[in-house]
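These notes are about the structure you will find just below.
Numbers restart at 1 for each chain; the letters A, B, ... are given by sequence-line order, proteins then strands.
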Amino acid sequence: MVTLQMKNGEERLYPAGTTFMQVAEDISSKLAQNAVAVVFNEKLTDLNAEIPGDGALEILTFEDERAQDVYRHTSSHILAQAVQKLWPGTKLAVGPAIDKGFYYDFDSEHKFTPEDFNKLEKEMKKIIQKNYPILRREISQAEAIELFTQRGEDYKLEFIEDLPEDTVISIYEQGDFIDLCAGPHLPSTSRIKAIKLMSLAGAYWRGDERNKMLQRVYGTSFPSKELLDDYLYKLEEAKKRDHRKLGRQLDLFVVLDEGPGFPFFLPKGMIIRNQLEKFWREEHEKAGYQEIRTPIILNRSLWERSGHWDHYKENMYFTSIDEQDFAIKPMNCPGTILVYRQNLHSYREFPLRIGEMGLVHRHELSGVLHGLMRVRAFTQDDAHIFMLPDQIIDEIKNVFAMVDLFYGIFDFSYHIELSTRPEKCMGSDEMWDMATDSLRQALEEKGVDYKVNEGDGAFYGPKIDFHLKDSLDRTWQCGTIQLDFSMPEIFDLTYIGEDGNRHRPVMIHRVIFGSIERFIGILTEHFAGAFPLWLAPVQVRIMPITERNHFYAEEIRQYLKDLNIRVDVDNRSEKIGYKIREGQMLKIPYMLVLGDNETENRNLSVRKRRDGDVGAQSLEDFVQLLQHEIKNKVIF
RNA sequence: GCCGAGCUAGCUCAAUGGUAGAGCAGCUGAUUUGUAAUCAGCAGGUUGCGGGUUCAAGUCCUGUGCUCGGCUCCA
């Protein structure tokens with residue numbers, strides 16, 4: 001007999017050889033139906049597995065994220081089985097579960113098109129109906145090599161050969177389909193209740209662009225059609241928040257064929273942008289930053305010295321002036337460094353914080369451009385901080401605090417990544433270790449979770465990145481803190497220390513918004529175009545009922561305008577419903593309906609974007625409400 | 001850059017290889033309206049761009065630009 005310690009504290013006894021599935025059945029038939037996998041002694045395991053001994057058991061249903069991965073992973077196997085049935089000879093690469101779905105990469109003579117989806121889905125349903133049991137087998141490396149050689153699975157062989165010898169290799173079988181796979185998996189194929197293929201894409205084998213491009217099929221699956229439909233509906237809703245769509249609908253910004261990757265900001269978009277910059281300047285002044293502006297075009301020799309010429313050339317644009325080579329700046333740091341060198345600096349000035357809203361140009365590959373999120377010209381809310389080595393940790397924490405303040409205002413949640421030394425870089429090992437350790441220490445002291453991206457740092461130093469999500473949960477890097485010992489060295493930057501001698505300062509490069517363009521893209525999707533009052537391009541729209549009320553409307557407009565409220569009047573000869581509909585679609589925060597009643601009583605009928613008609617108010621009360629909301633940057 | 005799919009009026013979309021159309025927006029007029037669309041009329045196009053096949057091309061072929069979804073890369 002084995003003893004199982006259940007999640008709820010209960011102990012259960014079973015004869016040796018009992019499977020986890022049987023345990024689930026023993027507890028309740030409903031649980032057995034919904035179970036996806038188990039966690040036995042903290043290890044995710046197949047339901048089909050036999051209890052190996054005493055231990056702690058948790059039975060997972062689809063609600064658990066770990067179970068969702070198992071569910072989608074099995075789905076990807078079903079896809080692969082269907083593909084190999086319909087197009088024999090297709091080679092399997094990888095087929096993992098991903099957030100909200102799965103994919104499988106294939107190497108096939110057949111070129112997949114969306115028209116194949118129907119056929120494939122039908123085949124997958126057949127496999128599901130057949131209810132093949134999914135069996136795990138552990139085999140030796142030699143057996144694995146023989147098996148996959150025989151099946152012509154070159155990519156699987158490459159995996160096997162990379163594994164250390166005498167690793168136990170697991171394979172999963174369902175019907176005539178076999179895949180090299182660590183598992184775990186569902187007990188049988190009929191557990192998949194609703195499955196749908198979503199899209200096709202190319203993907204390099206092992207994510208390396210020097211390798212062959214495989215065909216990737218994306219899909220998703222759920223334990224019921226209702227859950228799938230619900231997911232698809234939410235996806236459609238999320239697409240309505242796409243900043244490219246909203247940017248056009250709300251006349252905020254556009255990207256045109258004439259300027260691929262070079263966005264146009266329209267008058268309403270500029271209001272948002274200017275408000276953000278105003279806020280930025282206020283907060284940076286409070287935090288002890290100075291502001292400068294450096295040229296967009298600078299001489300080649302500067303970029304050679306900074307290392308950009310060697311390390312960043314493929315991302316840069318060039319031009320020539322009077323037969324001399326110039327580069328369009330891809331970063332602001334060299335310009336700031338030239339400013340630093342205009343004076344002799346004392347340690348007493350440190351930390352010296354110099355900000356710049358710098359417009360940079362970078363040549364990005366055409367395939368990566370994406371609305372405002374990924375462009376070829378963008379404005380960084382940059383700042384460079386020059387300081388003493390022992391000021392590093394505190395200063396990084398200061399920047400952290402500012403990131404929290406800025407993102408908190410918009411109710412953004414973010415995740416942090418630490419990027420370490422890349423292959424193509426400059427500076428010594430000691431420099432990099434010191435810089436990376438400082439960043440790590442600041443993160444540890446701050447007590448936040450972070451992910452490490454080995455080899456993803458800037459060429460001059462490691463960095464901490466802050467990532468925000470768009471409407472489809474794709475993440476975009478916004479804020480970043482980069483620690484740099486290299487540039488001060490290269491440009492021979494110095495300060496006069498307490499001892500009267502010259503010393504080398506340390507430098508932080510940092511942005512909070514990241515790029516104003518990207519940040520506005522994220523903001524637009526986050527608020528679905530319904531910007532908080534302080535950012536809204538039109539804050540109040542006045543809607544007179546008839547021409548009789550135009551005079552009063554104009555009086556109110558002028559009053560609000562004098563208080564710097566962004567207000568306009570819709571005095572077209574349309575019915576009030578028409579005007580309101582348009583105001584709602586433009587997501588204007590406040591609408592004032594002014595008819596004979598209001599004119600007579602000298603008050604306002606207020607309509608809020610989210611709440612609809614909230615009744616009559618005095619002008620004074622309304623103004624107070626607006627000013628409070630603007631001042632406190634209230635979000636709903 | 002690579003793989004795949006697209007590109008038709010300002011916007012969203014129709015149109016077996018056979019006369020390019022609708023809704024919204026715009027303009028003109030009527031209407032003076034009480035919380036998400038008043039009515040009528042007018043105008044709007046080298047179907048991304050270039051070449052080819054055909055009696056005939058928005059539609060088929062080809063080159064190219066851009067967009068979208070991924071991959072790689074990145075703020």
Side-chain angles (χ1 to χ4, degrees), chain A residues 103 105 111-115 198-218 239 242 244-245 248-249 251 254-261 312 314-315 330-331 358 360 362-382 419 453 456 458 463 465-468 472 474 476-480 482 509-519 521-522 543-550 571-585 591-598 605-608 612-615:
Chain A
Y103 67 78
D105 285 350
K111 278 212 186 314
F112 296 105
T113 70
E115 283 81 68
M198 303 296 287
S199 62
L200 283 169
Y204 300 107
W205 165 237
R206 297 196 147 178
D208 190 326
E209 62 185 328
R210 289 166 300 194
N211 288 340
K212 182 169 185 180
M213 182 159 274
L214 307 172
Q215 300 186 72
R216 176 171 297 179
V217 181
Y218 283 92
K239 281 183 187 160
D242 189 316
R244 294 164 296 191
K245 203 178 183 121
R248 201 178 261 290
Q249 278 168 10
D251 291 318
V254 279
V255 185
L256 301 173
D257 284 0
E258 287 81 354
Y312 209 72
E314 62 278 15
N315 284 301
M331 294 186 195
V360 298
R362 295 183 186 175
H363 179 72
E364 300 290 347
L365 296 179
S366 60
V368 306
L369 301 178
H370 183 97
L372 291 186
M373 305 294 200
R374 192 74 185 272
V375 295
R376 286 175 170 158
F378 56 100
T379 309
Q380 291 185 305
D381 62 316
D382 219 338
S419 297
N453 276 336
D456 244 8
K463 56 179 189 166
D465 296 327
F466 298 85
H467 294 252
L468 298 174
L472 291 176
R474 291 175 291 211
W476 298 92
Q477 183 184 322
C478 290
T480 172
Q482 310 178 348
H509 309 236
R510 47 111 283 184
V511 288
I512 309 286
F513 290 138
S515 106
I516 308 278
E517 289 77 5
R518 177 176 287 181
F519 199 82
I522 299 268
M543 301 173 176
I545 302 272
T546 79
E547 269 173 28
R548 287 192 301 280
N549 315 118
H550 282 193
N571 55 17
R572 293 174 300 178
S573 67
E574 293 290 351
K575 298 208 289 194
I576 196 67
Y578 180 91
K579 296 182 184 183
I580 285 170
R581 178 183 154 81
E582 192 169 292
Q584 287 288 152
M585 288 196 307
M591 289 176 253
L592 300 179
V593 175
L594 302 185
D596 291 341
N597 290 337
E598 290 75 15
S605 274
V606 179
R607 187 186 166 94
K608 286 187 77 164
D613 187 357
V614 295

Taking atom [atom1] in both [N] and [M], what distance in whole Å separates the two?
N     : M     : atom1 : result
B:A20 : B:G45 : P     : 14 Å
B:G44 : B:U12 : C1'   : 16 Å
B:U46 : B:G58 : P     : 13 Å
B:C13 : B:A25 : C1'   : 14 Å
B:C24 : B:G17 : P     : 30 Å
B:G34 : B:C49 : P     : 47 Å
B:C71 : B:A15 : P     : 32 Å
B:A57 : B:U53 : C1'   : 10 Å

Distance below 4.0 Å between [X] side-chain N/O and [N] OP1 or OP2:
X      : N     : value
A:K245 : B:U12 : no
A:R248 : B:C11 : yes
A:Q584 : B:A36 : no
A:S573 : B:U32 : no
A:R572 : B:A37 : no
A:R548 : B:U33 : yes
A:Y312 : B:A75 : no
A:K579 : B:A36 : no
A:R244 : B:C68 : yes
A:R474 : B:G70 : yes

**Prompt:** What pattern of brackets, bars and dots sums up RNA chain B from 5' to 3', given Watson-Crick or G-U wobble pairs under 3.5 Å, [ ] for crossing pairs and | for another strand?
**Reply:** (((((((..((((....[..)))).(((((.......))))).....(((((..]....))))))))))))....
**Message:** Test your reading of the model: is there a side-chain donor-acceptor pair from A:N211 to the backbone of A:W205, 3.5 Å cut-off?
**Reply:**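 It does hold such a pair.
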**Asked** For the side chain of A:E364 and the backbone of A:V375, is there at least one donor-acceptor N/O pair under 3.5 Å apart?
**Response**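 A pair under 3.5 Å: no.
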**Item:** Residue pair A:R510 / A:D382: nearest heavy atoms and the distance that separates them
**Value:**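 Answer, listing the atom of A:R510 first, then A:D382: O-OD1, 3.2 Å.
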**Prompt:** What closest approach, in Å, do A:D465 and A:Q477 show between heavy atoms, and which atom pair accounts for it?
**Reply:**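 Shortest heavy-atom contact: OD1-NE2, 3.0 Å.
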Taking [atom1] from [X] and [atom2] from [N], how many angstroms apart are they, rounded to a whole number?
X      : N     : atom1 : atom2 : value
A:R581 : B:C24 : CZ    : P     : 10 Å
A:H467 : B:A75 : NE2   : C1'   : 10 Å
A:H370 : B:A75 : NE2   : P     : 17 Å

Classify the nucleic acid contact of [X] as base, sugar-phosphate or nothing, counting any heavy atom under 4.0 Å across all strands shown.
X      : result
A:Y578 : sugar-phosphate
A:E574 : base
A:K239 : nothing
A:V375 : base
A:D456 : sugar-phosphate
A:D208 : nothing

**Request:** Indicate yes or no: at least one non-hydrogen side-chain atom of A:L372 is less than 4.5 angstrom from one of A:R244.
**Result:**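 Counting from C-beta outward, A:L372 and A:R244 never come under 4.5 Å.
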**Prompt:** Does the side-chain ring of A:W476 sit on the six-membered ring of the B:A75 base, less than 5.5 Å centre to centre and under 30° in tilt?
**Reply:**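 It does not: the ring fails the test against the base of B:A75.
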**Request:** Identify, between A:L214 and A:M373, the residue whose nearest nucleotide on RNA chain B lies closer to the 5' end.
**Result:**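 Result of the comparison: A:L214.
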